Amino acid sequence: MSTPITPSISVHRPQTRFALVDVNNFYCSCEAVFNPKLAGTPLVVLSNNDGCVVARSAEAKLLGVKMGQPWHQVPPEFKQQGLRALSSNYSLYADMSHRVMTILGAMAPRQEVYSIDECFLDLTGMERLTGSLRDHGLHIRHRIQQWTGLTVCVGIGSTKTRAKLANHIAKKNPEWAGSFDLDALSMEDQTHWLPRIAVSEVWGVGGRLTEQLRAMGIHTVQDLKDAGAKCIRARFSVVMERTVKELNGISCLDLEELSPPKQQILSSRSFGRHVTTEADLREAVLTYLSRACEKLRAQQSLAGVLQVGIRTNPFKDGIPQYNKATSCKLPEATDDTLVLGQYASKMLSALYKPGYIYQKASIMLTDLSPKAARQITLFEDTAAREKRERLNSAMDQVNRKFGRRSLSLAGSGIEKTWSMKRGNLSAAYTTDWRALPTVQ
DNA sequence: TCTGGGGTCCTAGGACCC
DNA sequence: TCTGGGGTCCTAGGACCC
């Protein structure tokens, strides 16, 4: 056996470098920017209907408030210690998010907005311009602080998974001042960090997988990194295999600058009070349907399947439970609120059973296809269709200009007494003229 | 009394086809 | 005694993310 001789071709290609930038305690921080009295106090922001804790200030975390905890289960002594709760103010958060993302987008050649409060940046090759990438991270942090009043942390690594991990280290270790580059470290220094971080901190490893990994003796990030992609593939899925490769510096997940159109569109909400009648449910279903159709038209898709669901409160013992959804394959894919509304209304009649206390309704649009690729049917009334198109787009325009649901289906109700509770909502400081902060 | 609302991807298994 | 094999599509369910 002779050793194969492989030609060595050296192509200079800089190692990929991703940054993960995220805003610390995003919702709470947005609130504190416009109400500075909140800064430094224990604060939480609640989910819709003021149900669960979805964001906590640093002080609230210190008190011991848990993420996702139902507000009514938060110990009363926390409240005596000054803990305050605000309803979620999505128009404020969305606007602040847009500002942050715009600034970040200008600080790297490529950006992927990953969620409302975090994005990936491609920093490959940028050290030639910026000096160390960690310094660039500090620069990013300073600019966001100065321009928006929010604080971000920057994690840098050769893969997205490593960047996420670096971000975790930046957050937990203040000596790095909020910017940490995992791949600027020597191998030796890396083996300082990785065995000290629980495997559950790895992006893509949730509660279930943590348990299974623990049973295999894999407890830390280092353990998982060293477990071997093949061995992991044999026991788990390709997703986990990718994670192990990514931990080892083999980039499997690319930056996605353009978000692909959604494959399903959901609109569902819990009610602010008990709902028992079909009439109230119909209002809710048609309201959610209108919202789903708006999203559908915004991404220029048509829906092939409509699903309607209603349910009682599963947390509540001692009441009769009912949870049912039905779906309908449409004869022709559409984005027309009126057409889909008629189907939804009929489907609700089939689902509805009296005698239950309903808590939630949902609409799901699936089997989505690009509108541009629509097939024209043989006996189509083109004039009528165009008229309907104009009606839907006029509705969207009016609602964009004068606020959501300025114009809606009659069946979706006016009073909407069932709609969600938001008992402690802050002002729309940045998106409503009447709520602009004033300087005294 | 009060327990969110979105999304994605992968796998397994069955139906069906040639 | 002998009872194919490979492929696709669909659905339900499970896992994850924020």
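The structure displayed is predicted, hence computed values, not measured ones. Quick note on labels: first sequence line is chain A, next is B, and so on, each numbered from 1.
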- prompt: A/Y90 vs A/Y93 aromatic rings, parallel, tilted or perpendicular, using cut-offs 30° and 60°?
  reply: perpendicular
task: Would you sort out whether A/R162 and A/S251 count as a side chain to side chain donor-acceptor pair (under 3.5 Å), showing the intermediate values?
output: CA-CA 9 Å; A/R162 285 174 71 89; A/S251 182; over 6 Å; no
- prompt: How is A/N49 classified with respect to the nucleic acid when contacts are heavy atoms under 4.0 Å: base, sugar-phosphate, or nothing?
  reply: nothing
- prompt: Want to know the stems of DNA chain C: at least 3 consecutive Watson-Crick or G-U pairs with distances under 3.5 Å, which are they?
  reply: B:5-18 with C:5-18
query: Using a heavy-atom distance cut-off of less than 4.0 Å, which residues of residues 56-75 of chain A contact DNA chain B?
result: A/P70, A/H72, A/Q73
- request: For A/Y90 and for A/P261, find the nucleotide of DNA chain B with the closest heavy atom, then tell me which residue's nucleotide is more 5'.
  value: A/Y90
message: Mind checking if A/N313 touches a base, just sugar-phosphate, or nothing, with heavy atoms under 4.0 Å?
response: sugar-phosphate
query: Contact class for A/S267 (heavy atom, under 4.0 Å): base, sugar-phosphate, or nothing?
result: sugar-phosphate
message: Does A/Q263 reach a base, just sugar-phosphate, or nothing at all? Heavy atoms under 4.0 Å.
response: sugar-phosphate
message: Classify A/R311 by what it touches in the nucleic acid, base, sugar-phosphate, or nothing, heavy-atom distance under 4.0 Å.
response: nothing
message: Salt bridge check, A/R291 against A/E294: does any charged N sit closer than 4.0 Å to a carboxylate O?
response: yes
Separation of the P atoms in C/dC18 and B/dT3, to the nearest angstrom: 25 Å
task: Would you indicate what A/I116 reaches in the nucleic acid, counting non-hydrogen atoms under 4.0 angstrom: base, sugar-phosphate, or nothing?
output: nothing
task: Start with the C-alpha gap between A/K371 and A/E389, add the side-chain angles, then the distance that decides, and say whether salt bridge (charged side-chain N to carboxylate O under 4.0 Å, His left out) holds.
output: CA-CA 12 Å; A/K371 187 167 185 170; A/E389 292 271 330; 2.9 Å; yes
message: Counting the atoms with a prime plus P, OP1 and OP2 as sugar-phosphate, which does A/L46 contact under 4.0 Å by heavy atoms, base, sugar-phosphate, or nothing?
response: nothing
message: Mind checking if A/E211 touches a base, just sugar-phosphate, or nothing, with heavy atoms under 4.0 Å?
response: nothing
field: Expected output: side-chain A/D122 to main-chain A/T124 donor-acceptor under 3.5 Å
entry: yes
statement: The first and last nucleotides of DNA chain C lying within contact of chain A, meaning any atom under 4.0 Å from one of its heavy atoms, run from C/dA15 to C/dC18
statement: To the nearest 0.5 Å, atom OH of A/Y27 lies from atom CG of A/L86 at 13.5 Å
- line: Test side-chain hydrogen bond (donor to acceptor under 3.5 Å, both in side chains), reference A/N25, set A/R56, A/E31, A/K61, output is A/K61
- request: Take A/H274 and A/S270, find for each the nucleotide of DNA chain B with the closest heavy atom, and name the residue whose nucleotide sits nearer the 5' end.
  value: A/H274
- request: Start with the C-alpha distance between A/D95 and A/R99, add both sets of side-chain angles, then the distance that settles salt bridge (charged side-chain N to carboxylate O under 4.0 Å, His left out), and finish with yes or no.
  value: CA-CA 6 Å; A/D95 184 62; A/R99 294 175 188 211; 3.1 Å; yes
- prompt: Do we get A/K160 above A/F120's six-membered ring, with its NZ or CZ under 6.0 Å from the centre and within 45° of the axis?
  reply: yes
query: Does the A/S57 side chain pair with the main chain of A/L43, one donor and one acceptor, at a distance under 3.5 Å?
result: yes
- prompt: Which part of the nucleic acid, if any, lies within reach of A/R291 when heavy atoms closer than 4.0 Å are counted: base, sugar-phosphate only, or nothing?
  reply: nothing
query: Any donor-acceptor pair under 3.5 Å linking the side chain of A/D280 with the backbone of A/V275?
result: no
- request: Quick one: pull up CG in A/L46 and CG in A/N424 and give me the separation to the nearest 0.5 Å.
  value: 8.5 Å
